[in-house]
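Presented below is the structure to which this report refers.
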Amino acid sequence: YERSLQIKRRMGNRFGEAITEERLGSAMVAQGKAAEAIPHLTNGLALHEAIGNRSGMMMARAGLARAHHALGRTDESLTQFRQALALAEE
């Protein structure tokens with residue numbers, strides 16, 4: 001993912017960069033690296049918001065919810081899950 005992210009940044013491919021950031025963050029959560037995942041998921045969310053990709057925004061928020069949950073941050077986790085659900089229902 002890291003190499004893919006570098007290539008997408010060099011190319012100016014914001015959509016690809018957003019997806020790669022989100023997937024890298026999600027992979028880190030799955031590997032037990034929730035604290036390291038949050039910046040990637042946050043970057044992915046910001047990029048998805050900038051390009052108007054609602055499904056990407058939903059996935060990034062769900063990833064942030066899982067990361068916060070893994071770190072014991074229940075309130076932030078619930079906030080992110082609720083926002084992901086709201087995007088899914090639109």
Side-chain angles (χ1 to χ4, degrees):
Y1 286 112
E2 291 286 350
R3 178 132 168 77
S4 175
L5 189 55
Q6 292 172 357
I7 292 168
K8 287 177 174 72
R9 283 182 180 150
R10 274 196 308 254
M11 294 173 54
N13 181 347
R14 293 182 61 176
F15 179 77
E17 183 181 351
I19 289 173
T20 304
E21 285 275 27
E22 182 269 316
R23 289 184 182 165
L24 177 58
S26 292
M28 287 178 157
V29 172
Q31 294 172 347
K33 300 176 183 178
E36 294 174 51
I38 290 175
H40 291 287
L41 292 162
T42 302
N43 289 342
L45 175 60
L47 287 163
H48 283 302
E49 288 175 339
I51 61 175
N53 181 6
R54 299 185 76 69
S55 64
M57 292 164 50
M58 179 192 65
M59 295 299 293
R61 288 202 180 277
L64 282 165
R66 288 189 300 277
H68 286 293
H69 177 74
L71 294 170
R73 300 175 186 160
T74 306
D75 290 341
E76 183 60 24
S77 178
L78 285 172
T79 297
Q80 292 295 336
F81 268 130
R82 286 183 181 125
Q83 290 176 351
L85 180 60
L87 287 164
E89 290 177 335
E90 290 180 358

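Checked options Val29, Leu71, Asn43; the residue passing with Ile38 is Leu71 (criterion: side-chain contact (heavy atoms from CB on, under 4.5 Å)).
Nearest heavy atoms, Ala37 versus Gly25: CB-O, 3.2 Å. Closest heavy-atom contact between Ala62 and Phe81: O-CE2, 4.2 Å. Pairing each heavy atom of Lys8 with each of Glu17, the nearest pair is CD-N, 3.7 Å. Contact detail for Ala34 and Ala70: the closest heavy-atom pair is CB-CB, 3.8 Å. Across all their heavy atoms, Ser77 and His69 have their closest contact at OG-CB, 3.4 Å. The two residues Gly44 and Ala60 have their closest heavy-atom pair at C-CB, 4.4 Å.
Placement of Leu87 and Leu64 within a single hydrophobic cluster is found when ILVMFWY residues are connected by side-chain heavy-atom separations under 4.5 Å, directly or transitively.
With salt bridges taken as basic N to acidic carboxylate O contacts below 4.0 Å, one links Glu21 and Arg9.
Here CD of Glu36 is found 5.0 Å from CE of Met28. Values are rounded to the nearest 0.5 Å. Atom NE2 of His68 and atom CZ of Arg61 lie 10.0 Å apart (nearest 0.5 Å).
For the residue pair Ser26/Glu22, the side-chain donor-acceptor check at 3.5 Å is satisfied.
The shortest side-chain heavy-atom distance between His48 and Ile19 falls under the 4.5 Å cut-off.
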